[in-house]
Amino acid sequence: MTDRPVAAAPDTTALLLETKSLDEFLHALARSALDLVQAADGCGVTVERQGRPVTVSSVGASATKLDEAQYGQDDGPCLQAMRTGLEVSVPDTLRESRWADYPAYAAVCGARSSLSLPIAPHSHTSGALNLYAPLPNAFDDADLTALRLLTAQATGAIALAQRIADTEEFAADLEAALQSRTVIDQAIGVVVGQQRCTPEKAFEVLRTASQHRNVKLRVLCAELIASITGETPPEARIQPRG
């Protein structure tokens, strides 16, 4: 057990505003959780991404490898908390019979007890906050009120952070699409001037050429403009995702 002072639960909204990304926020969340439980010496935050669990942040030497050991066998207290939305307590890993070989491995790693609390249960950003301690029954006498408040608040904060991240990604994709459209419009203007045809006919000429050359229309248009100006259009340097 450490001698660090026990902190009060932070305001997760303020914590979110002070960080620059979802991952940075989750790291601050792990640090705050560890500060709330004096008996713990490690904390990991598990979040489900693309259908699989990932330790997005951890504090303490053993947290990441203990989380990943559970991912390897697709079972364990942190995964159970994430999937069920319920707290999962392990009083003593040497006396634990659940989760196959995991408890024995945890004991060898120096974790004699653990506590996993769900975060954003039953959502597309569901996860768990996992605390590990070197002594058995380390969480029995701990006041978990502040920790539970922290994880409850984190549910809303993570949902907000994910929404912000999704919005930023959408905005970037939209900007790339609009800039690609600018390149195409410029190329249409070139063809109209060269062939003295309508914009509709010019677009058909470009589309047919892109199909015959098996290149994307945006790339073909950028090459056309570059052949005339000698420079690649700035819009063409941004590559849309997907």
TODO: Could you pull out the closest heavy-atom pair between A133 and A138, with the gap in Å?
DONE: CB-CB, 3.4 Å
Open item on the list: Test your reading of the model: is there a side-chain donor-acceptor pair from S57 to the backbone of L29, 3.5 Å cut-off?
Closed with: no
Task: Heavy-atom closest contact (L131 atom, A40 atom, distance) - done: CD2-CB, 4.0 Å
For residues 188-201, dump all side-chain donor-acceptor pairs below 3.5 Å to protein atoms at least two apart in sequence or in another chain.
from	atom 1	to	atom 2	distance (Å)
T198	OG1	K201	N	3.1

Exercise answer: donor-acceptor pairs, residues 72-82 side-chain atoms, under 3.5 Å, sequence neighbours excluded:
from	atom 1	to	atom 2	distance (Å)
Q73	NE2	D75	O	3.4
Q73	NE2	W99	O	2.7
D74	OD1	R83	NH2	2.5
Q80	OE1	W99	NE1	3.2

- [ ] Would you check if the side chain of S113 reaches a backbone N or O of L135 as a donor-acceptor pair within less than 3.5 Å?
- [x] yes
Task: Partners meeting side-chain hydrogen bond (donor to acceptor under 3.5 Å, both in side chains) with T64 (sequence neighbours left out) - done: S58
Task: Gap separating the NE2 atom of H27 from the SG atom of C43, nearest 0.5 angstrom - done: 10.0 Å
- [ ] Output every pair passing salt bridge (charged side-chain N to carboxylate O under 4.0 Å, His left out) with a member in residues 64-73, not counting sequence neighbours, ordered by first then second residue.
- [x] none
Open item on the list: Grouping I, L, V, M, F, W and Y whenever their side-chain heavy atoms are under 4.5 Å apart, do L66 and L115 come out in a common cluster?
Closed with: no
TODO: Not counting sequence neighbours, which residues clear salt bridge (charged side-chain N to carboxylate O under 4.0 Å, His left out) with D92? List them please.
DONE: R95, R112
Please tabulate, one pair per line, all N/O donor-acceptor pairs under 3.5 Å involving side-chain atoms of residues 140-149, not counting sequence neighbours.
from	atom 1	to	atom 2	distance (Å)
D143	OD1	T145	N	3.1
D143	OD1	T145	OG1	2.9
R148	NE	E87	OE2	2.7
R148	NH2	E87	OE1	3.2

